[in-house]
Q: 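Below: one structure in structure tokens.
FYI, side chains are in, hydrogens and waters are out, and symmetry mates aren't considered; it's all heavy atoms of this structure.
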Amino acid sequence: MRITLSLLLFSLWVASAQAQVYKWTDDKGQVHFSDKPPATSQTPAKVETVNPGAQKRNSHLSTAPDSAAAQFVSSSSSDAIQFIVSLRQMLAEKNYTSLNLRLQALSRLREKDIRSERSEVAAYAAFRVIRENYLQQLNDWVNSSPVNVQPYMARANYYYAMAWASRGGNVSSETSDQQIQGMTSYAELARADLQRVIQRKADMLPAYALLIWTEKLLGNNEGSQQAFLQGIELQPASYTLYRNFIITQAPRWGGSYENMKAIAEAAVSEVNNNSLLAQIPGFILQEAGKDSRIANHYNDSLKYYDTALQLGDNDEALDGKGRTLYDKKEYSAAAQAHQRAITLYPYESSYYQQLAWSEYKREEYSAAGKAIRQACLLNPENEKYQSLRKDIALSLARQTYQKRSEMLPGAQVAAYEQALQLAPDNDEVYYYRALYYGHQGDWRNAEIDLKKAIELDPEDFDNYYQLDYALIRKNKDFAQIARYWLQYIELKPNDSKALLEIAGTYYHMKDKEKMRFYAQKSVDLGNVEAQQYLQ
């Protein structure tokens, strides 16, 4: 179902509307949101009017952040990433006291200023590590702190991530019963932990935020709505709760644009308590933008995202816009959109990945490498990120070698070092740096890098060939050259080129018997060039 023009205009209008919004429950227990009161024939069980101009209902809201917690949150992407990494490191080191205190500090900050809620939610999302043996670390934390909600909240995030991983990314018709069973099992474990959290700490906003999606994953639409309603009863101005719930009401999740409209109306009624809520109607436009992008209607998609951004600088709208621009092959503009998204919300690994792809397409490999390293720090288990990281490293090394005449030596060294940081196990990166050292006449370092390349890939002919050349230029160590060629030939006994090279090496060593032996084997394999050593 396509979004209508009137609904598009509504999304702009609702951000500044001052109409009353009604939340009511009918006699069947169904909760409704509307700008009109319920019909008398529907005999509502409960009706509330929400006045956008009313006084704040959250007496704990404040614009002054808790100084003890503020140090853990930063708008700097590098600081944000280090914050996430430090949480995982504390878990690995079993530093549970510091871990609990750090997460408690984030809760205090959110209680003082609701606008910091996304940082708290992101902190718990740090434990969405797709690795089965990670569970033991989380269990140890739970067992060491059974009265604290923090370890249960972290473990719930792990279970939630494993539920999605078990299901896979295919459509339902291509998803096996075994995958569904695995997803359900993990989602039920997540639900159990989230319920424990809520029982212990009723105002734990991240628990309701995750429960909205956990129940949706289990196919329990009523449970998802109940989690939302319970959450906003305690945190009426929560951007995260409205954001999560409005997405579950999208057509692709079995909802409709009209459902999303009702949630948007309710969210805007709280905009005086949290200015971010003015952006909630934009998720209707974002959904339409995503549908248009999938249908390859890129210009329509961009219009939807740009209109959504008129409601506020939203990182998810920028992400959608960036992806559309990428599909249009407008890589520079796509990179700008994702860089802005990262500035707004530096915890989302996919933003860095998309930035890396755009920079990669622009052949800005150094910038791409920086972005993909950040993505991998946030999500180290993602195989696609690791694959892209290796591709970028190799492209950076190749580009640096190709542009060697245009670059200062120091810049080349820095580029090769960055490539090796990205892919320390890639033999080709060492190979290209060895070529650089060779051009500088630094045969000692060229030898070191080529031997490392051979260690990483002992079956690559070019690594041995360049080592042969480097050792000749360094000190004509033919005995060592021969040993390396013998190592290669043991792995590739029918490589006529290698047999020719070792024949030449024995020629320089004046060992005519071995020279003729390997030259004849090379000739027998069709290499006529080796005949020179048989004359």
Q: Quick one, Y304 with S292, criterion side chain to side chain donor-acceptor pair (under 3.5 Å). Give me CA distance, side-chain angles, the key distance, then yes/no.
A: CA-CA 9 Å; Y304 287 127; S292 295; 5.0 Å; no

Q: Hey, can you pull the donor-acceptor pairs under 3.5 Å for the side chains in residues 318-328, sequence neighbours left out?
A:
residue : atom : partner : partner atom : Å
D319    : OD1  : R323    : NE           : 3.1
D319    : OD1  : H338    : NE2          : 2.8
D319    : OD2  : R323    : NE           : 3.2
K321    : NZ   : D306    : OD1          : 2.9
R323    : NH1  : Q354    : OE1          : 3.4
T324    : OG1  : S301    : OG           : 3.0
T324    : OG1  : G320    : O            : 2.9
D327    : OD2  : R293    : NH1          : 3.3
K328    : NZ   : N299    : OD1          : 3.1
K328    : NZ   : E330    : OE2          : 3.2

Q: Quick one about E117 and S238 (side-chain donor to acceptor, distance below 3.5 Å, no hydrogens or angles considered), yes or no?
A: yes

Q: Please identify each residue that fulfils salt bridge (Lys or Arg N to Asp or Glu O under 4.0 Å) with R118, with sequence neighbours left out.
A: D315

Q: Among residues at least two apart in sequence or on other chains, which ones pass side chain to side chain contact (heavy atoms under 4.5 Å, CB included) with T175?
A: R167, N170, Q179, I180

Q: With sequence neighbours left out, what residues match F127 under ring pair (Phe, Tyr, Trp, His ring centres under 6.0 Å)?
A: W141

Q: Any salt bridge (Lys or Arg N to Asp or Glu O under 4.0 Å) pairs touching residues 359-373, not counting sequence neighbours?
A: E359-R362

Q: List in chain and number order the residues that pass side chain to side chain contact (heavy atoms under 4.5 Å, CB included) with A371, two or more places apart in sequence or in another chain; answer none if no residue qualifies.
A: L355, A356

Q: Under 4.5 Å between any side-chain heavy atoms of R155 and L135, yes or no?
A: yes

Q: Write out all pairs satisfying salt bridge (Lys or Arg N to Asp or Glu O under 4.0 Å) with one or both partners inside residues 201-211, taking only residues at least two apart or from two chains.
A: E111-K201, K201-D203

Q: Just jot down the salt bridge (Lys or Arg N to Asp or Glu O under 4.0 Å) partners of R196, sequence neighbours excluded, or say none.
A: D193

Q: Considering residues at least two apart in sequence or located in another chain, which fulfil the salt bridge (Lys or Arg N to Asp or Glu O under 4.0 Å) criterion with E215?
A: R191

Q: Between Q136 and D140, does any side-chain donor sit less than 3.5 Å from a side-chain acceptor?
A: yes

Q: Restricting to pairs with a member in residues 167-217, which pass ring pair (Phe, Tyr, Trp, His ring centres under 6.0 Å), not counting sequence neighbours?
A: W213-W253

Q: Does the side chain of D113 pick up a donor-acceptor pair with the side chain of S116 at under 3.5 Å?
A: no

Q: Would you mind reporting whether I246 and E287 have side-chain heavy atoms less than 4.5 Å apart?
A: no

Q: Show which side-chain atoms of residues 159-166 pair as donor or acceptor with protein atoms under 3.5 Å away, not counting sequence neighbours.
A:
residue : atom : partner : partner atom : Å
Y160    : OH   : W164    : NE1          : 3.0
S166    : OG   : M162    : O            : 2.8

Q: What orientation do Y242 and F228 show, parallel under 30°, tilted 30 to 60°, or perpendicular over 60°?
A: perpendicular

Q: Of all the heavy-atom pairs spanning L103 and Y124, show the shortest one and how long it is.
A: CB-OH, 3.6 Å

Q: Applying salt bridge (Lys or Arg N to Asp or Glu O under 4.0 Å), name anything that partners E381, two or more places apart in sequence or on another chain.
A: R131

Q: Is Y352 close to L377 at the side-chain level, that is, under 4.5 Å between some pair of heavy atoms?
A: no

